[in-house]
Number of protein chains: 2
Amino acid sequence: MQPITIADVAAATGVSRTTVSHVFSGHRPVRQETRELVLRVAREMGYRPSAVAKSLRARRTNTVMIVIPDIMNPFYPGFARGVQDVVSQQGYHALLCNTDAVEASERGYIEDALARRVDGVVFVGFRVPISDLDILTEVGTAVVAVGPAPEETMVDTVWLDDVAFSREATAYLLRKGLGPVAHITGPTDTAVEVKREIGFRQAHADAGLEVHEDLIVSEEFTHQGGIEGMTALLAGPTRPRSVFCANDLIALGAMRVAHEHGLRVPEDIAFVGVDDIDMAAIANPSLTTVRLRIHELGTICGRRLLERLNGDWTGNGRSMALDAELVVRESA
Amino acid sequence: MQPITIADVAAATGVSRTTVSHVFSGHRPVRQETRELVLRVAREMGYRPSAVAKSLRARRTNTVMIVIPDIMNPFYPGFARGVQDVVSQQGYHALLCNTDAVEASERGYIEDALARRVDGVVFVGFRVPISDLDILTEVGTAVVAVGPAPEETMVDTVWLDDVAFSREATAYLLRKGLGPVAHITGPTDTAVEVKREIGFRQAHADAGLEVHEDLIVSEEFTHQGGIEGMTALLAGPTRPRSVFCANDLIALGAMRVAHEHGLRVPEDIAFVGVDDIDMAAIANPSLTTVRLRIHELGTICGRRLLERLNGDWTGNGRSMALDAELVVRESA
DNA sequence: ATGAAAGCGCTAACAA
DNA sequence: TTGTTAGCGCTTTCAT
């Protein structure tokens, strides 16, 4: 029940704790026989160095915290895995935290990160401004956030240019000249939603076309949201010929409603989503969508974090935009 | 850069470290004025109690480790979230570890759990037998595993009765009397696969029917696996009229191939999957599948773990089977 | 109501 | 090549 300590091993072998320590760390040479003795006895006794004690001493926990809204949202598993694939290679473990995009929760995890002395934090926040993460960098914690960078900070940021790819996707639909393009957005209080709508409008402006205001509806970022959005759209006065949906779940839901109304996709109505979740390729018809390269977003965050952790970068926060690619499939 | 310690706060307020400690822990009364002074100064100085030091002293890390094959597999986000929803309520944080079902990786995380002195482990292993987790319980770590329980252990186990629901799902297909039922399984070296195939065979035996051996194919647990499995099936001599797929991803892939071959679902060929991932309901046609209640599996594991952590249960490992339910949709 | 001091398990000067 | 010793930051007896 009581874990074996380095002192137990030292006593059992007749060497000092220092020597046992160095046998395990390799930080200084130990005579061959001594090392083998220590190793053998340690194994027999079931000794495992305590990472807790090591952390206290070394002021390093070899732990990073990944803060996201919800691992059940299909967007995040790939992201989390991307971060982990990178940082685990250097021996870091990851605390995964779900905030549900609740402000108090986001703030709570910042406090936890501080209290637990994690070495780094990858933060995907919806309610807390990135500048509020400075409290972490001030005590030397490496921080990478997903989102737009504030003026002055030590937080590295990586972000997806929502405006750019939404504009591009909408332009693609507009170029087809099918007629009115609708937009089913997410909740209007999210930064992401706002930007996707801006891109939608810019594409219209670029093409010298008017936005059909009655064809913009706001829903949850879910399959159900898509169902409700599309139902509302079809009940309206203007019949859209294509729909730019703020994410794939919405698009899938919307497409299903269109199908139930006897509309053919893409002949009668075309759909474009955002995310390229697995479902997009599997759906029937398969969904044309903006591929966000989420796993790569994660690996980039992980790499940035490691650069900080290894001291390869100690300057101000760097900002980087990851571009997205329109994947044309059957739905548009 | 240097975190403030309890000694700094003590010095700044003129009280002892003991008193500062008690102000934060509440483990003994502190004079009102003293408390307020300490609290105020601590806040001003930005003091945060070190969870690391506390852990060393208390021999408790308030951390649990969740070991799963891969968070990108749609099965696991719900599970992980279920565990976390429960344990986070009592202040535990979770280290999320992906093994990719690689034995060395599974073993490595057991070692890590030991070294990091985590208080509990929730383990979903594919290669390591549950009895190998005893090494954790021996040092007092609470352990809950997903899988069948070995005879004698302190590990609590929760499992899905793969044989039972596979049998039930196959029986459902058999009862329809459509003709030969095929089975696309997972890799034959996984325990889960074996059990699903056993259920498949039992259902045939129950109905007094012969299994078509040439209609059993083994593939990866992926959409691509389903595509390859179905392609192989359609190239074979016996034409199946329905397929029991070892998971939804496989079923979705298989269904797609059937569709591409001009077969109507479910008229020409019916499909049943396992898992009830989001995609199953969204797919077109929607997929009849066995709902595994993964999030609930996670919460049950979390609760079992808490019972151990709180000392509410100190006896031998308990075993519990979670039943599954056939969700009939359009595909069968 | 408050403090002194020991110690949780480990590492790394500094010594030998 | 090996050992002595002083902490890392906290909690908790035992005193006062």
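A, B, ... follow the sequence lines: proteins, then strands. Residue 1 opens every chain.
Nearest to the side-chain atoms of A:R59 among the listed nucleotides D:dC8, C:dA6, C:dG9 stands D:dC8. Taking the side chain of A:I6 as heavy atoms from C-beta on, and the options C:dT2, C:dT11, D:dC8, the nearest nucleotide is C:dT11.
Checked by distance alone, A:T18 brings a side-chain donor or acceptor within 3.5 Å of a matching partner on the base of D:dT4. Contact of B:T19 with C:dA1 (side chain to base): no donor-acceptor pair of N or O atoms is detected under 3.5 Å. At a cut-off of 3.5 angstrom, counting only N and O atoms as typed in the model, there is a donor on one side and an acceptor on the other between the side-chain of A:R28 and the base of D:dT2. Side chain B:T34 to base C:dA1: no donor-acceptor pair is found below 3.5 Å.
Atom CZ in A:R57 sits about 10 Å away from atom P in D:dG7, given to the nearest Å. In this entry the distance linking CZ of B:F24 with P of D:dT11 reads 10 Å, nearest Å. Per the geometry, NE2 belonging to B:H27 stands 14 Å off P belonging to D:dC10, to the nearest Å. Computed from coordinates, the A:D8 CG to C:dG9 C1' distance equals 10 Å when rounded to whole Å. D:dT2 atom C1' lies 14 Å from atom CZ of A:R35, rounded to whole Å. Between the CD1 atom of B:I4 and the P atom of D:dC8 there is a distance of 14 Å, rounded to whole Å. Protein atom CZ of B:R48 is 20 Å distant from nucleotide atom C1' of D:dC8, rounded to whole Å. Counting to the nearest Å, the C1' atom of D:dT2 and the CD atom of A:Q32 are 16 Å from each other.
Backbone-only engagement by A:P49 is indicated by non-hydrogen atom pairs under 4.0 Å involving sugar-phosphate atoms exclusively. Within the nucleic acid shown, B:V52 has no heavy atom closer than 4.0 Å to any nucleic acid atom. Note on B:R17: a base of the nucleic acid sits closer than 4.0 angstrom, heavy atoms only. At the heavy-atom level, B:Y47 lies under 4.0 Å from the strands shown only through sugar-phosphate atoms.
B:S21 has a side-chain polar atom (N or O) that falls below the 4.0 Å cut-off from OP1 or OP2 of D:dT11. Taking side-chain N and O atoms only, B:S50 has no distance below 4.0 Å to OP1 or OP2 of D:dG9.
Annotation: of the two residues near DNA chain C, B:H22 and B:L56, the 5′-most nearest-nucleotide partner is B:H22.
Taking 4.0 Å as the cut-off between side-chain N and carboxylate O, A:R40 and A:E44 count as a salt-bridged pair.
Taking the side chain as every heavy atom from C-beta outward, A:T153 and A:T137 never approach each other to under 4.5 Å.
At least one donor-acceptor pair under 3.5 Å links the side chain of A:S55 to the backbone N or O of A:A51. Side chain of A:N73 to main chain of A:F75: a donor-acceptor pair is present (N/O by atom type, distance under 3.5 Å, no hydrogens or angles).
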message: Assess the residue pair A:R303 and A:D312 against the criterion (salt bridge (charged side-chain N to carboxylate O under 4.0 Å, His left out)); give the C-alpha distance rounded to whole Å, side-chain angles, the decisive distance to 0.1 Å, and a yes or no.
response: CA-CA 11 Å; A:R303 266 197 295 274; A:D312 295 337; over 6 Å; no

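Note that the OG1 atom of A:T141 and the CG atom of A:L305 stand 10.0 Å from one another [nearest 0.5 Å].
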